[in-house]
Amino acid sequence: MPPWLDKDGATRESIAIMTVAVPVGNAKPAPAARPERIGVLLVNLGTPDTCDARGVRVYLREFLSDPRVIEDQGLRWKLILNGIILRIRPARKARDYAKIWNTEKNESPLKTITRSQADKLAEGITDHDHVVVDWAMRYGNPSIRSRIDALTAQGCDRILVVPLYPQYSAATSATVCDEVFRVLAEMRVQPTLRVTPPYYDDPDYIEALAVSMSAHLASLSFQPELIVASFHGMPQKYVDKGDPYQAQCVATTDALRQRLGLDAAKLILTFQSRFGYDEWLKPYTDKTIGQLARNGVRRIAVVTPGFSADCLETLEEIAQENAEIFRHNGGEQFAAIPCLNDSDAGMDVIRQLVLRELQGWI
């Protein structure tokens, strides 16, 4: 019979209570509460740390080993990557990087511009003094891991990740999220996370592009016969599997045509930077530009609305390589329109995007 019941099963009026003394001398004090701050992390694709073959090789190995970029990471691809690509391509790409390298800071323009975008964003939201702005690269340095660690060390318990890609693709926006999730998966105390959506048809973005294009065109000594809107390409099979990237590039171009009052013959859409032997999104930029010159077009301008900052693909591939293709085939005057970069218009797009996605947090 339980001791708290009498023999008839009735509860006793008084119950003895046992008290246990627990020593507290060695107990660890609870960690002090950190101030709640919000982190904003701008993320772009990446860049080699140096413009020599070694630096490019390290970068390419990380980039081309990502299954979001090259989906088939089987034995055949590993043999091609390590046996051919990483032996041949780094030296050639290093020469291309050297043409555009920021020698003063010893870094690529993409790194210079992305840092400036983060600095200017921080200046633009100083009225929210509990918001900390930082930047990272998906491949190369500063890494996403290092900057998330830095933000949490500063007391950020909420982080807004901003992939700097106007159009979504699995090979850009999604792989940023993949890496962020990998970092968070190893954390005991995870920050709350938000990710900005693509902004391919955002009115602020379209307006900024239109204003920037108009200003640059007005500064030229010639009037282009047409404008080429060149976006980074991707394998056609990725789109066939459901990637929305191509449709979003078309939407951006259509919105620009409408805003600028241009028809499809005056603002044409192409895709650049193909790699390997698979079929990529068409029409190809280099083939189109060569054909335009052969058809008698003598003056063109190229804009790259899929890039938030000038980089190897815009400064070397478009402004130099494709300009040479155009002239070699009979073209005469070629203009590469700069990306929005850290211009006032470009920063307004990023600032408005960030402030919209921070609603409820600030």
Side-chain angles (χ1 to χ4, degrees), residues 38-47 59 62-63 66-69 108 110-111 113-118 120-122 125 131-148 150-151 156 158-184 191-202 204-206 208-209 231-234 238 243-249 251-252 273 304-314 339-342 346-359 361:
I38 298 168
V40 175
L41 185 64
L42 306 184
V43 184
N44 216 315
L45 186 76
T47 171
Y59 170 73
E62 182 182 10
F63 176 57
D66 186 346
R68 289 287 197 180
V69 176
S108 75
L110 180 62
K111 184 174 286 189
I113 295 167
T114 307
R115 180 192 296 108
S116 180
Q117 288 172 326
K120 290 188 176 183
L121 176 61
I125 56 174
V131 176
V132 182
V133 179
D134 208 334
W135 60 284
M137 295 293 173
R138 170 60 186 90
Y139 312 102
N141 295 301
S143 68
I144 289 175
R145 180 179 299 276
S146 69
R147 302 333 298 158
I148 289 180
L151 287 171
C156 296
R158 287 166 287 180
I159 295 178
L160 174 67
V161 177
V162 187
L164 291 173
Y165 312 111
Q167 299 79 24
Y168 172 95
S169 80
T172 54
S173 305
T175 191
V176 167
C177 293
D178 289 345
E179 183 63 16
V180 171
F181 298 152
R182 273 191 288 269
V183 173
L184 265 61
T192 302
L193 185 69
R194 287 182 182 176
V195 181
T196 57
Y199 52 98
Y200 61 95
D201 60 351
D202 186 288
D204 292 331
Y205 164 64
I206 298 301
L209 283 175
F231 295 81
H232 201 291
M234 72 163 42
Y238 291 9
D243 200 296
Y245 177 71
Q246 182 181 29
Q248 293 186 6
C249 294
T252 297
S273 309
T304 49
F307 299 86
S308 62
D310 277 307
C311 54
L312 185 71
E313 287 79 4
T314 65
C339 296
L340 292 177
N341 295 322
D342 58 348
M347 291 312 306
D348 190 59
V349 173
I350 296 174
R351 186 175 64 86
Q352 294 295 342
L353 175 66
V354 166
L355 290 177
R356 183 170 66 241
E357 296 305 317
L358 285 177
Q359 288 185 24
W361 280 5

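Predicted, not measured: the structure shown is a model, and the values here were computed from it.
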Find out whether [X] and [Y] are in side-chain contact, i.e. whether some heavy atom of one side chain is under 4.5 Å from a heavy atom of the other.
| X | Y | value |
| --- | --- | --- |
| Val195 | Pro163 | yes |
| Leu353 | Tyr205 | no |
| Leu164 | Ile350 | yes |
| Tyr199 | Asp204 | no |
| Leu151 | Val132 | yes |
| Leu184 | Pro191 | yes |
| Arg194 | Ile159 | no |
| Leu121 | Gln117 | no |

Shortest non-hydrogen contact between [X] and [Y], atoms and distance:
| X | Y | result |
| --- | --- | --- |
| Arg138 | Val43 | N-CG1, 3.9 Å |
| Val162 | Thr196 | CA-OG1, 3.4 Å |
| Ser108 | Thr47 | OG-OG1, 2.7 Å |
| Asp342 | Met347 | O-CG, 3.5 Å |
| Pro305 | Leu209 | CB-CD1, 3.9 Å |
| Gly346 | Leu340 | CA-CB, 3.8 Å |

Within the distance-only criterion (no hydrogens, no angle test), does the side chain of [X] pair as donor or acceptor with the backbone N or O of [Y] below 3.5 angstrom?
| X | Y | result |
| --- | --- | --- |
| Glu62 | Gly140 | yes |
| Asn341 | Asp310 | yes |
| Tyr168 | Tyr200 | no |
| Tyr165 | Leu45 | yes |
| Arg147 | Asp134 | no |
| Lys111 | Asn141 | yes |
| Thr175 | Arg68 | no |

Return the [atom1] to [atom2] distance between [X] and [Y], rounded to the nearest 0.5 Å.
| X | Y | atom1 | atom2 | answer |
| --- | --- | --- | --- | --- |
| Glu179 | Asp66 | CD | CG | 8.5 Å |
| Ile38 | Leu160 | CD1 | CG | 9.0 Å |
| Thr314 | His232 | OG1 | NE2 | 11.0 Å |
| Leu193 | Ile148 | CG | CD1 | 7.5 Å |
| Gln248 | Ser169 | CD | OG | 9.0 Å |

Under the side chain to side chain contact (heavy atoms under 4.5 Å, CB included) rule, what do Ser308 and Asn44 come out as? Steps first, then yes or no, please. CA-CA 9 Å; Ser308 62; Asn44 216 315; 3.3 Å; yes
Checking Gln167 against Thr252: is there a side-chain donor and acceptor pair closer than 3.5 Å? yes
Would Leu110 and Met137 count as a side chain to side chain contact (heavy atoms under 4.5 Å, CB included) if you check the C-alpha gap in whole Å, the side-chain angles of each, and the deciding distance to 0.1 Å? CA-CA 10 Å; Leu110 180 62; Met137 295 293 173; 4.0 Å; yes
Tyr139 vs Tyr59 aromatic rings, parallel, tilted or perpendicular, using cut-offs 30° and 60°? perpendicular
Under the criterion side chain to side chain contact (heavy atoms under 4.5 Å, CB included), I'd like the reasoning laid out for Ile125 against Leu355: C-alpha separation, chi angles, the key distance, then a yes or no. CA-CA 9 Å; Ile125 56 174; Leu355 290 177; 3.9 Å; yes
Evaluate the side chain to side chain contact (heavy atoms under 4.5 Å, CB included) criterion for residues Thr192 and Trp361: first the C-alpha distance (whole Å), next the side-chain angles of each, then the deciding distance (0.1 Å), finally the verdict. CA-CA 11 Å; Thr192 302; Trp361 280 5; 3.8 Å; yes
